[in-house]
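Just so it is clear, the structure is predicted and the values come from calculations on it, not from any experiment. In this chain, numbering begins with 1 at the start of the sequence shown.
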Amino acid sequence: MPKYIIERDISGLGDWSIEQLREASQKSCQVLAGMGPSIEWINSFVTANKMFCIYEANTERQVYEHATISGFPADHIYEVKSVIGPFTAE
């Protein structure tokens, strides 16, 4: 399944409480459960004003659909073409 990075602009996100982050996570999971197994949330990285989410999905359209239904912005979606890291140097 293709992997996508979703960039979400959310002002003040870095100041959200753990409870606010938990509620957002629960909402996302509820929407994903209704969409079936062809889309999966891997993890997300929270910064001061942005969230970067890693998803696997059959299509980019599914990622947009999840964002629309859940109410979370999907300001930019990038399909991952390769993954590199220290292991690549070996």
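Contact check for Q26 versus R22: side-chain heavy atoms found under the 4.5 Å cut-off. Counting heavy atoms from C-beta on, the side chains of V83 and T88 never come closer than 4.5 Å.
In this structure, Q62 CD and E40 CD are separated by 12.0 Å, a value rounded to the nearest 0.5 Å. Atom CE of M35 sits about 4.0 Å away from atom CD of E65, to the nearest 0.5 Å. From I69, atom CD1 reaches atom CD of Q30 across 12.5 Å, with rounding to the nearest 0.5 Å.
Linking Ile, Leu, Val, Met, Phe, Trp and Tyr residues whenever their side-chain heavy atoms come within less than 4.5 Å leaves F45 and I6 in two separate clusters. In the hydrophobic cluster analysis, where Ile, Leu, Val, Met, Phe, Trp and Tyr join through side-chain heavy atoms closer than 4.5 angstrom, V80 is grouped apart from I84. With hydrophobic clusters built from ILVMFWY side chains whose heavy atoms lie under 4.5 angstrom apart, I5 does not share a cluster with V63. Linking Ile, Leu, Val, Met, Phe, Trp and Tyr residues whenever their side-chain heavy atoms come within less than 4.5 Å places I77 and Y55 in a single cluster. Y4 and V46 fall into different hydrophobic clusters, where Ile, Leu, Val, Met, Phe, Trp and Tyr side chains are chained together by heavy-atom contacts under 4.5 Å.
Residues I54 and W41 approach most closely at O-CD1, 3.6 Å, considering heavy atoms. Contact record, I10 with P73: CG1-CG, 3.9 Å, taken as the closest heavy-atom pair. Across all non-hydrogen atoms, the minimal contact from S70 to K27 is O-CE, 3.6 Å. Considering every non-hydrogen atom in both I39 and A57, the closest pair reads CG1-CB, 3.9 Å. In terms of heavy atoms, P37 sits closest to M1 at O-CE, 4.1 Å. Residue A24 comes nearest to W16 through the heavy atom pair CB-CZ3, 4.0 Å, listed as atom of the first residue, atom of the second, then distance.
Residues passing the salt bridge (Lys or Arg N to Asp or Glu O under 4.0 Å) test with K3, sequence neighbours excluded: E56. In terms of the salt bridge (Lys or Arg N to Asp or Glu O under 4.0 Å) criterion, residue partners of D9 (sequence neighbours excluded) are, by chain and number, K50.
Judged purely by atom type and a 3.5 angstrom limit, E23 has no side-chain atom pairing as donor or acceptor with the backbone of Q20. Distance alone, capped at 3.5 Å, places no donor-acceptor pair between the Y64 side chain and the A74 backbone.
Side-chain polar atoms of Y78 and E7 form a donor-acceptor pair below 3.5 angstrom.
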